[in-house]
There are 2 protein chains.
Amino acid sequence: MATAHLAAWAAALRYNALPPSVVQAAVRSFYNLAGCAVGGSAHPAAAIARASVSPFAGPPTSSVLGCRGHRTDANSAALLNGISSHVHDYDDTHLDTIIHPAGPVVSALLAVAELREPVNGNDFILALVAGIEAECKAGLAVWPDHYDVGWHITSTSGSIGAAVAVGKLLNLDVEAMQHAIGIAASQVTGLREQFGSMTKSFHPGRAAQNGLLAAFLASNGYDSSLQSLEAKRGWANVVSASNDIQARMDTLGKTWEILKNSFKPFPCGIVIHPVIDACIQIHHDMNKDKSAEQSPDASLIQSVHVEIHPLVLELTGKKTPKTGLEGKFSVYHSAAVALLYGKATPAQYEDAVVQDPAVIQLRGKVEATVNNELRTDEAKVVVRFAQDAFEKHVEHAVGSVQVPMTNEQLEEKFLDQVSSVLGQQQAKKASQICWNLENVTEMKEITLELQ
Amino acid sequence: MATAHLAAWAAALRYNALPPSVVQAAVRSFYNLAGCAVGGSAHPAAAIARASVSPFAGPPTSSVLGCRGHRTDANSAALLNGISSHVHDYDDTHLDTIIHPAGPVVSALLAVAELREPVNGNDFILALVAGIEAECKAGLAVWPDHYDVGWHITSTSGSIGAAVAVGKLLNLDVEAMQHAIGIAASQVTGLREQFGSMTKSFHPGRAAQNGLLAAFLASNGYDSSLQSLEAKRGWANVVSASNDIQARMDTLGKTWEILKNSFKPFPCGIVIHPVIDACIQIHHDMNKDKSAEQSPDASLIQSVHVEIHPLVLELTGKKTPKTGLEGKFSVYHSAAVALLYGKATPAQYEDAVVQDPAVIQLRGKVEATVNNELRTDEAKVVVRFAQDAFEKHVEHAVGSVQVPMTNEQLEEKFLDQVSSVLGQQQAKKASQICWNLENVTEMKEITLELQ
């Protein structure tokens, strides 16, 4: 009865039953996602997607984030915002499943929130929480077999999360919610083979659409199996060799998955994050004395030695990246930019930076040694000059469960992304209103500032 | 290199390279599908779907079959025509995989054919053949494991077929065609758990949309993996425990899957077809003497004995169906209506007929005996009156590979379905123009008559 249980739980969920920590996590998840969607809107994949759906686009009810004045129909907006939210691999991560939960759910919700009567911040948060819990519980039920065989769990679970979220916004009753879940469960989107191509970011966008359409069909009486998740030939059994779908759904409202949502400080594979964290700290140590005479010149660095978990070289061992995308899979490039610029934002993963002679020179001085005793969120870095050296041992990288990004760090990330598209002044306005999600009387107050 | 091979084959395919038998099979596949889509448009599932997509609908470029004057954007039309084409389970069947191939492919193509510059009949047939071959080869590669685990193979393969078909219409080059296939492969739609619900017919409609969107994205430069079908974490390996994707794709253009496409004479599970075939023949034998005095009254039937393959009772053994849908899973109801009406069309599977006392009475006289030596397309039927009896042994049911439906039978089926929605006169006009598919200069000549 996993489907019925999820539907009943979601339909009954009330805003005043949400613990304050859950509301706070929802606001942070939304805030981070909004910044990523605006930042990603300038990526070529997002532009191609906008052009591709334009021949079919309907009434311009819903905002395309990052594109000034661009509104389109809700179904198209869900796709476009979903794509741009994920295209820099910079969004949120539910660490137990490596689902990026906000993309499918928020993209679908934002599109629908502008379609009909105004939706206020509390209703939006309520639907967002219902969707993210549904998505992460479904994902946990099939993890890890489902991911191991090759499914992109963000979008396969995301379709279900988006359906529950939109279903909640549409006030579906329990049976209609079961149908929405069923229709969404039949749309299993996302192969890991697409990692490294634009289709990776298509996945959360399509998941948002899958869930949105499922909820609208169900709201009008379109039916599905009532046991779509748990039946013998239902979702969990078909997409995974083993699952505990019923047991997972029983934990709804008991453990909140959104509390385990984390945020990426850097737009690249999470295994490089401790190295970047250490190198940024060393950059600041190197430059903390403002007098140029005393501050060492990065070009004088003789060697950079990083000590890392074995997965780092397996996943991000590219020695001579040629493009920005390849740079994201290079611990060498990432260490170099972190030391040179003191940051690793999307700007440091642009083609021009990867091809910059100063970056290439420093990259060549980076040596990596595997240490099996390190955790995945741990790294040691030593930067040597002729005379002295800087060392840093990061035990838990920023963005990990132990060292979550602070609101200030989230804001810095948001402002960096949104400024690059909408300018600094607009970024500040957008940041303020996004932090205020709980109190807005209609979501348009927010979406208008994200364009 | 299965993906590259499929893309190259499809991109290079020319109309004058199609054997005449393939063109004929394409016309018959199109003709049958068009009738099903018009006939299915009156089903509640189709009406709900129309209402559900209307808030998002864009420029009304493309015809919604069966709905006079109703045009919508191409993406919505693909969904709606795909749903109505399958909602009566009355469409075509590729018997080696039980894929219903025309629904996803034709629904996507019709929508796009009206979107831009006119598409003529030859170009339409060419794209249709490319799509159906892609779809059936992909399906064969993962059959039967893929179906056994619970995937609705019609739509999982259908997304790929629709992408290739629309890609062909858009004249994609080989690499763009690979991207279209990849984006489509990432959208694995259709769980068998949905059989018996409206979501079953949603599957081919969504597959049509999946392929359409994939082809449009690829045509604008959206990229995917170039090995989406065969890679370690690509489509074939992820959706099936075993596959021969490369070997299957190597048969493209050598064996034509469309030649194995068959057509359902009756809108119900194919295993009951030999019983229905026999009962219809007995109905005609009973009534061949037009004089009412001599023609026996069906109400005087004392018993009906059917001898059948074991699967018939396993799949369609419902003794007391209550609804039209349940009637489709009842060999008892199907035998009764075939004897009473001499036909088994969607009209004989309406709720009112299943609840008709005369039908219920005759249904109660039907006895079924399993005979393990019969084939699935074989049945024996004996109808006893007080004085005499009628017997029939059907060795291969109509619609089987051995006894394909003739063009005349297809036309009768078409006229029956289309008349019920558009009236007899319009049905005849529509039939004529659909048979003439090869020679139309633009597809609008056809779609205008299917509304």
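Below, chain A is the first sequence line, B the second, and so on; all start at residue 1.
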Below 4.5 Å, heavy-atom pairs only: which of [options] has the largest tally toward chain B?
options	result
S219(A), A241(A), G234(A)	G234(A)
K200(A), Q227(A), K232(A), R116(A)	Q227(A)
D73(A), V149(A), N237(A)	D73(A)
A51(A), S159(A), A45(A), A207(A)	A45(A)

Residue, of [options], that accumulates the most heavy atom pairs under 4.5 Å with chain A:
options	result
T61(B), I83(B), V239(B), V53(B)	I83(B)
L226(B), V188(B), L213(B), L79(B)	V188(B)
D223(B), L115(B), T72(B), I48(B)	D223(B)

Taking side chain as everything from C-beta outward and backbone as N, CA, C, O, which of these in [X] sits under 4.5 Å from a heavy atom of chain A? Side chain, backbone, both or neither.
X	answer
N210(B)	both
S201(B)	both
H152(B)	neither

What part of [X] lies closer than 4.5 angstrom to a heavy atom of chain B: side chain, backbone, both or neither?
X	result
L212(A)	side chain
E230(A)	neither
A74(A)	both

Just how far is it from atom [atom1] of [X] to atom [atom2] of [Y], taken to the nearest 0.5 Å?
X	Y	atom1	atom2	answer
R206(A)	L217(B)	CZ	CG	9.0 Å
M198(A)	H179(B)	CE	NE2	9.0 Å
I183(A)	S197(B)	CD1	OG	8.0 Å

Would you name the heavy atoms of [X] and [Y] that are closest together and state the gap between them?
X	Y	result
S52(B)	N220(A)	OG-ND2, 2.9 Å
A57(A)	P59(B)	O-CD, 3.3 Å
G182(A)	Q194(B)	O-NE2, 3.1 Å

Item checked: E193(A) versus S225(B), side-chain donor and acceptor atoms under 3.5 Å -> yes
Note to self: Between N75(B) and N75(A), is there a side-chain heavy-atom distance shorter than 4.5 Å?
What the structure shows: yes
Margin query: Is the shortest side-chain heavy-atom distance between F202(A) and Q187(B) below 4.5 Å?
Written below: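 Heavy-atom side-chain distance check passes, below 4.5 Å.
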Check: Is a side-chain N or O of S186(B) found less than 3.5 angstrom from the main chain of L191(A), in a donor-acceptor match?
Finding: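 Confirmed, S186(B) side chain pairs with L191(A) backbone.
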Notebook entry, point to check: Is the ring centre of F216(B) less than 6.0 Å from the ring centre of F56(A)?
Noted result: yes
Next item on the list: Quick one: do D148(B) and R233(A) satisfy side chain to side chain contact (heavy atoms under 4.5 Å, CB included)? Show the steps, please.
Entry: CA-CA 9 Å; D148(B) 289 345; R233(A) 294 205 176 90; 5.9 Å; no
